[in-house]
Asks: 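So that we are looking at the same thing, I have put the structure below in structure tokens.
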Amino acid sequence: MTPRFLPKYALETVPRYTSYPPATGFGEVNGESLWADWMRALPATPKVSLYLHIPFCKTMCWYCGCNTTIPNKSERIERYLDALKDVMRHRAASLPADAQIHHIHFGGGSPDMLSPVQFSDLMQEIRDAFPLAINAEIAAELDPRGVTRALATRLGELGFNRASLGVQDLSDEVQKLIHRIQPLSVVRQAVQNLREAGITAINTDIMYGLPAQTVDRVEMTAHAVTELSPDRIAVFGYAHVPWFKKHQKAIPEDRLPGAQERFEQMLAASSVLETHGYQPVGFDHFAKPGDSMAIRTREGRLCRNFQGYTDDDYDVLMGLGASSISEAPGGYLQNQPDPARYAESRETCLTSYVRGLQRGSEERRIAARIDPNFIVRDQQHSRAI
Ligand code: SF4
């Protein structure tokens, strides 16, 4: 059997792999004109996915690597949502008439910062602007501390059917050091609220490499998470980049595990999850054998986009909101990353693409190595042009 990991690489200092192509490889482009060209080149009935970035959280977790802010006033969220809706209507008009939305994903930040009313308004705008497929997946990343019964109920009523919860580590000491106090009881209540609201597809994230984490603590967290019986579990390594994410300076560096310990923690988490019947999906995801990601893995049809492994084989991913990335067969475009600037004015938003990358032969070659499904989709798109 081919080993899933090569320890000699796990212990070397190499660039952090999160996504391909990395956004650091993006450059200046005429985004509006490229997007228009790419939309004209799409097949007649493209599958479209939406990603909406909600860059707000109640408090900052010290390990956070996301593009988020702590809003001091609720008006900031309102202004941002107004801009998001304007851009959404504008971009919807650029799609072919027979495009259909198959996936909607709210990420962040913490989308649970939106009130039930704000979620209702936003979903109404989406339904007015885009034709949704009947069985569309509607998912949100949620902070378990923000999943009230009222919010879960509203999300269920609005058609949400998948939720991703960040668990990270369940030991008290680690939670204190990362500034995220979230006992297992809070996560359990969030899962219960979601399931009672009919949102039965649950993903969870756990982490290794956090301050004061040990193999025992990672194993304890992995065991506890399997008891909640999520469909998918992602196991992410903490990336310590305090020169880039200033709040990470609050992480005590002398408590961070070394490369060997990180590797052992990752292996320990994998072992616990596999013992509980979860199937490995790529190198950092696990899923129940009946889950679509696990099935696609067995069939060699798993997809990987710049955010990670997915079962979503879209033709177009439309990124809405600050920093979000759109993908079409022709390449990638990234929005203005600063939430305040994104929300400044409607005019600014409508020229919100700040960087991008046209997909050339080198990107196609590498994408085909990472994403087993890429060649099939690329050939379909080439035939459609
Ligand atoms: S809740 Fe998530 S996005 Fe918000 S600060 Fe914590 S890790 Fe970052």
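Order of listing sets the numbers, starting from 1, for every ligand and every atom in it. Heads up: numbering here begins at 1 and tracks the sequence. The analysis underlying the following values was restricted to heavy atoms, covering all of them including side chains, and did not include hydrogens, waters or symmetry mates.
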Asks: Test of understanding: with side chain to side chain donor-acceptor pair (under 3.5 Å), list the residues that count as partners of Lys288, not counting sequence neighbours.
Replies: Ser229
Asks: Under a single-linkage definition using a 4.5 Å side-chain heavy-atom cutoff for Ile, Leu, Val, Met, Phe, Trp and Tyr, are Phe119 and Leu132 assigned to the same hydrophobic cluster?
Replies: yes
Asks: Please list, chain by chain and in numerical order, all residues satisfying ring-ring contact (aromatic ring centres under 6.0 Å, His included) with Tyr63, sequence neighbours excluded.
Replies: none
Asks: Shared ILVMFWY cluster between Leu184 and Leu142, side chains joined below 4.5 angstrom?
Replies: yes
Asks: Does even one non-hydrogen atom of Arg180 get within less than 4.0 Å of ligand 1?
Replies: yes
Asks: Using the rule that Ile, Leu, Val, Met, Phe, Trp and Tyr join whenever any side-chain heavy atoms are under 4.5 Å apart, tell me whether Phe286 and Met220 fall into a single cluster.
Replies: yes
Asks: Could you tell me which residues satisfy ring-ring contact (aromatic ring centres under 6.0 Å, His included) with His276, sequence neighbours excluded, listed by chain and number?
Replies: His223
Asks: Would you mind counting protein N, O or S atoms that sit less than 2.8 Å from atom 8 (Fe) of ligand 1?
Replies: 1
Asks: Should Tyr278 and Val272 be regarded as members of a common hydrophobic cluster, given that ILVMFWY residues are connected when their side-chain heavy atoms come within less than 4.5 Å of each other, either directly or indirectly?
Replies: no
Asks: Near Thr59, which atoms of ligand 1 are under 4.0 Å from a heavy atom of that residue?
Replies: 5 (S)
